[in-house]
Structures are given as structure tokens and as C-alpha cells.
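Right, one structure below, let's go through it.
We number each residue from 1, following the sequence as shown.
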Amino acid sequence: MTLAETPNYKNSSNPFLTLKYESALESLGGDYYDEVAAAEFPQHLLRWRNDELLPRFGLDPQIVKDEDFITAFGKFQGRKPLLALRYHGYQFGEYNGQLGDGRGFLYGQVRANDGELYDFGTKGSGRTPYSRGGDGMLTLKGGMREVLAAEALHYLGVRTSRCLSMIETGLPLWRGDEPSPTRSSVMVRMSSSHIRFGTFERLHYFQRPDLTKKLLDHVIEHYYRHLSAEQDKYALFYAELVKRVAELAAQWMAAGFCHGVLNTDNMSITGESFDYGPYAFIPSYNPYFIAAYFDYSGRYCYSHQPTICQLNLEMLQEPLKAIINKGEMEAGLVKFGEYYEAEYSSLMLKKLGFEDLPHPEAGKLLNLTIEFLKESQVGYHQFFYEMARTFSSKWRDEPGFVMNSSDIVPVPGASGIFDDWCILYHTILNDLERDCIDVIAQTLTVHNPETALLRPVIESIWESIVQEDNWQPFYDLVEQIQSRK
């Protein structure tokens, strides 16, 4: 990757400006957004370009230049209109009617090779009518953290937005009680949609069921197309949204990820994870782990995430009840727990090496795993990686061989829970055919990379950038994540 400062560039030859942008959301009309202008920045240094995403839009990474990214996603030349979306939301349980895109806009919508419509949305692109006195900017560290979160989650199997580019903009930003300014960036995110639960809540606040129905029809037409011709498409939409969100919460939990701020304005109507602020991956299994320093009550702690997601879905019923029968929505929401448990069990069993385990003791194995992780406080990610690293066919011979070459687990007899876990794992292995061993080893490796995006890792990366302007550790880390090492 090269870092480029943009010279003069002809927009007509920029591949990002010749993409076939669609006006799906724009066609809804001005009740849903405001047209805005992008900020002008004193500097444009391309710090990140996600070449993995380009082929999805028919673009060859070898042909797309750094200057193309900067012209399109740093100087924002050649694209209009730029739309700041309107929404409200429940923040820490309290309704906030002063929200909306305060430091970003919808840059454009493009249909990818898979036939699905995707949004290019900005973060840190300047003030909008919803900035509420803020500067509309994004710190460079915040941009870097979001790039890392999105890539890490994607490769851990979480349905997530991803970052297309991040450009350092040269503006000094003052944040909190910091004695000196920090560096700034502008980021472009690719997501399935930027329509939020809070988009519907705003329309309910203004008592506009007509606009609610129009938006709901739009959502189904573009993101739930398989339901468009169904007579009960609205109830089916809500039921599927419940399933998507339940599965998303399970994906976070299995990945050991704590989003940090699950307000309704941070919940996507497509059931996709996005908008990463003070997130964190848990270092060890602590149900009450808090990612956001300002979450004083622990409302959004790690173990509360499924419950909060279910509560947000329940609150979404209020604006949707003008269109969808309340009883039908309640019937759909009842299945949240079932969907969550099925996805969580499936993902955790994969981390334990089993793509499919129709074994009567599968649930017990999962429970013992969680009990041991909670009791021992061994590293959550390290435990599963050590399983993958030390796995051997000898584990079938006797329980004492299970993970006996790892120094992070207790010696036999030191932990009754771990001893029981080893015995059960050994038993399950012997109940399976011997030719399953290679499949288990491969499954463990695929689902348990060595690289874990813990806070000290991120801080170390940032320290290299701050002290030496050295981005190589950042690029190396992204490469490790993408190669699942």
C-alpha cells in the first residue's frame, strides 16, 4: 500500500465515479434526509484502502489508484446529492429526538455482483444539521479502531459493515480533557443499509404512519425482496428481522465482542452490525464486562447484549404497529430466544471443533466450557486458540491427554470443572468415527485464529502511529486478521 497526496485528477476516469449509483433512498424524498455538503480538508493521506471489497463492485484493485480513493472519498468530488439521514433513538433507555447523521452522510448506493444493494456512508465528513454543536469530525484513532473492528468481526463470522477507506485529513481535533489535539480522519463504510430502528422511531414521534409505511415498503423491496409478493409481508419482515438480530447477538457473544452502545439508533433494520465506537473484545469470560467507559450502570455489558437487542426489537413495535398487527409482532418476537440459542450453540460448538454435533452431551460440553472459562479467567480467545494449536488424535486415548501440552490450563486434579470437561471431550471424540479427527482439527483452526483484537493490541498499534507515524504494525495486524492467523 502506498500513501498518496492527491494531485489534480480527472473525475471522468475515476472508477468510483463511474459506478452505477442507484437513487433508492433518495427517491423516497426529503422527509427522510437532508442534502449536505462535505467538509474541505487541508490534507488527504490515504491510510487504508480495502482492496478486498473492490471486486464485489467490478473494480480491479490493480487499476484503482490511491488518488481515486482520495478524490472520491476525501475530496468528495463528482457525487451529488450527499444525504444526511434523519433518525431518533433510545439512548440508554431515554428517548432522544435530537439525533440524525451528525458527522456523516450517505455517499451513494451501489448494487454489487451478488445483486444486493449496498450503501457507501461516511464518518467524519463534517457538520450537518444534526451535529448538535459538534465538529462533525472523526479522530484518526476512531477511524483506525473501526477498520480493525469491522475486519476482525467479518473474519470471525459476524454479519458486519466493513470500511472501504480511511483518509487522514490534517485537522487537529480537541477531545474531552486531552491537553493537546489529536489527529483526524474521514472514513467510508460499506454496509447493507444505514436505515436504523431510530429512523422509524422518528416517524412515529412526528405521527407520520404514511411515511412509516413508505419506508417499510422501501426496506422490504430492497432488503427483504423474497417477501415482497407475500400477502403477510409485513409480519414476515418483522419475524425475519427478529431472527437476524438474534443471530447477530449470538455472533457477537461467540466472538467475545462487546459493542458497547446498543442504542436503537445503532441498530440496523437489516440486522447488520455497524457503527463501532467504544467496543472491546473480552480478555476473559466476564459476563459483566463493560466496553464503554460512560456505561456507568453496565446496561450494555457483554452478557446483556442479547436482552438489549430483544428489548430494542420490542420498542420497534411501537412505530411499526401502525402497519403491522401487534399480536403478529409479539408472536415473532417470542422466537428470539430460540433463534439466539440455536445460533450461539452452533457457533460455540464450531469453536470447540464440531461443525455438526448431534450428540446428547453437546449442550453439557458447551456449559462446562463456559463454566471453566468463568472460573479460571483464562484468556477467552487464547483458550480456543490453544485448543486448535494442541489438538491431537491422542486426545481419544485418555482424558489426561486433552490439552496437556498447553500451559494455560490447570493440571489434572486442580479444577474439577476442567477435569469433567476433558473427560467429556474425550468421550465425545471416541463416540465419533476416527476419520472425523482431521475435520475437527481443521474446524478448530478455522474458527480460532491466534490474533485477538484486545485493547492492549490496539493501543500498541496506535502508539506506533502517534510516536513514529509508523503504520506498518497496523497493516501487519490487518493482514493477520484477513489471513485468519
Side-chain angles (χ1 to χ4, degrees), residues 88-93 95 157-159 192-193 195-201 203-204 209 212-213 215-217 219-220 223-255 257-259 262-274 287 298-350 358 360 362-364 366-367 370:
H88 290 177
Y90 286 92
Q91 299 190 313
F92 288 87
Y95 192 79
V158 177
R159 189 165 184 261
S192 59
S193 175
I195 298 173
R196 309 155 189 258
F197 287 19
T199 314
F200 286 90
E201 288 165 340
L203 300 176
H204 176 69
T212 300
K213 184 178 184 301
L215 182 62
L216 185 54
D217 285 337
V219 167
I220 294 173
Y223 309 112
Y224 296 79
R225 288 179 293 171
H226 56 290
L227 302 178
S228 295
E230 299 292 335
Q231 186 173 359
D232 53 350
K233 64 180 181 180
Y234 298 126
L236 290 172
F237 149 77
Y238 182 80
E240 183 167 328
L241 176 61
V242 169
K243 185 173 188 293
R244 292 188 188 187
V245 173
E247 291 176 348
L248 176 63
Q251 291 163 10
W252 288 337
M253 296 298 286
F257 178 76
C258 187
H259 184 285
L262 288 179
N263 297 325
T264 60
D265 56 294
N266 289 333
M267 300 287 293
S268 168
I269 204 66
T270 61
E272 180 183 61
S273 182
F274 80 126
R299 178 184 179 89
Y300 297 138
C301 70
Y302 171 67
S303 65
H304 288 179
Q305 292 181 121
T307 302
I308 289 295
C309 286
Q310 186 171 5
L311 175 62
N312 288 343
L313 284 163
E314 183 179 348
M315 291 193 293
L316 182 61
Q317 293 179 8
E318 190 64 22
L320 294 183
K321 70 181 183 182
I323 316 300
I324 311 174
N325 178 272
K326 186 74 181 296
E328 291 178 323
M329 286 192 288
E330 290 173 348
L333 189 57
V334 163
K335 301 193 73 174
F336 182 95
E338 176 186 334
Y339 294 138
Y340 172 81
E341 291 297 337
E343 180 77 356
Y344 182 71
S345 296
S346 174
L347 293 172
M348 292 300 290
L349 287 172
K350 286 181 173 65
K364 183 178 179 182
L366 181 52
N367 290 336
I370 298 301

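- In this structure, a donor-acceptor pair under 3.5 Å is present between the side chains of Gln317 and Tyr238.
- Looking at Glu247, its side chain never comes within 3.5 Å of a backbone N or O of Arg244 through a donor-acceptor pair.
- Contact of the Phe237 side chain with the Val219 side chain is registered, since non-hydrogen atoms from C-beta on lie closer than 4.5 Å.
- Listed here is the closest heavy atom pair of His304 and Gly298: ND1-O, 3.1 Å.
- Smallest separation of non-hydrogen atoms from Gln305 and Cys258: OE1-CA, 3.3 Å.
- Applying the side-chain contact (heavy atoms from CB on, under 4.5 Å) test to Ala239 and every residue at least two apart in sequence or in another chain returns nothing.
- The two residues Val158 and Ser273 have their closest heavy-atom pair at CG1-CB, 4.3 Å.
- Residue pairs satisfying the salt bridge (charged side-chain N to carboxylate O under 4.0 Å, His left out) criterion with at least one member in residues 228-237, sequence neighbours excluded, are listed as follows: Asp217-Lys233.
- For Ser268, the side chain to side chain donor-acceptor pair (under 3.5 Å) test picks out Thr270, with sequence neighbours left out.
- Considering all non-hydrogen atoms of both residues, Met253 and Tyr302 come closest at O-OH, 2.6 Å.
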* Given the rule in the side-chain contact (heavy atoms from CB on, under 4.5 Å) test, do Ile220 and Leu236 qualify, once you have shown the distances and angles that lead to the verdict? -> CA-CA 10 Å; Ile220 294 173; Leu236 290 172; over 6 Å; no

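- The side-chain contact (heavy atoms from CB on, under 4.5 Å) check on Leu347 picks up Gln251, Ala254, Glu343, with sequence neighbours excluded.
- Shown here are the side chain to side chain donor-acceptor pair (under 3.5 Å) partners of Ser346, two or more places apart in sequence or in another chain: Lys350.
- Listed by chain and number, the residues in a side-chain contact (heavy atoms from CB on, under 4.5 Å) with Pro209 are Ala322 (sequence neighbours excluded).
- Atom-to-atom distance recorded for Asn263:CG and Tyr300:OH is 3.5 Å, nearest 0.5 angstrom.
- Considering every non-hydrogen atom in both Ala249 and Pro306, the closest pair reads CB-CA, 4.1 Å.
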* What's the verdict on side-chain contact (heavy atoms from CB on, under 4.5 Å) for Ile195 and Phe200, showing C-alpha distance, side-chain angles and the deciding distance? -> CA-CA 9 Å; Ile195 298 173; Phe200 286 90; 4.1 Å; yes

Sequence neighbours excluded and cut-off under 3.5 Å, please list the side-chain donor-acceptor pairs for residues 308-315, or say none.
unit_1	atom_1	unit_2	atom_2	d
Asn312	ND2	Leu262	O	3.0

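- The NZ atom of Lys321 sits 6.0 Å away from the NE2 atom of His204 when rounded to the nearest 0.5 Å.
- Within the structure, salt bridge (charged side-chain N to carboxylate O under 4.0 Å, His left out) pairs that include any residue of residues 330-340 comprise Lys326-Glu330 (at least two apart or interchain).
- Within the 4.5 Å cutoff, no side-chain heavy atoms of Met267 are placed close to those of Leu316.
- Not one N or O on the side chain of Thr264 forms a donor-acceptor pair closer than 3.5 Å with the backbone of Gly198.
- Residues satisfying the salt bridge (charged side-chain N to carboxylate O under 4.0 Å, His left out) test with Glu272, not counting sequence neighbours, are none.
- For the side chain to side chain donor-acceptor pair (under 3.5 Å) test, no residue two or more places apart in sequence or in another chain qualifies with Ser193.
- Qualifying side-chain contact (heavy atoms from CB on, under 4.5 Å) partners for Thr307, counting only residues two or more places apart in sequence or in other chains: none.
- No donor-acceptor pair closer than 3.5 Å links the side chain of His88 to the backbone N or O of Tyr95.
- A search for side chain to side chain donor-acceptor pair (under 3.5 Å) contacts involving His259 returns nothing, not counting sequence neighbours.
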* So Tyr223 and Glu240, side-chain contact (heavy atoms from CB on, under 4.5 Å) or not? Walk me through it. -> CA-CA 11 Å; Tyr223 309 112; Glu240 183 167 328; over 6 Å; no

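- Atom-to-atom distance recorded for Leu248:CG and Arg159:CZ is 8.5 Å, nearest 0.5 angstrom.
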* Would you check, one step at a time, whether the test side-chain contact (heavy atoms from CB on, under 4.5 Å) holds for Leu215 with Ile269? => CA-CA 11 Å; Leu215 182 62; Ile269 204 66; over 6 Å; no

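- With 3.5 Å as the limit, one finds no donor-acceptor pair spanning the side chains of Tyr234 and Asn325.
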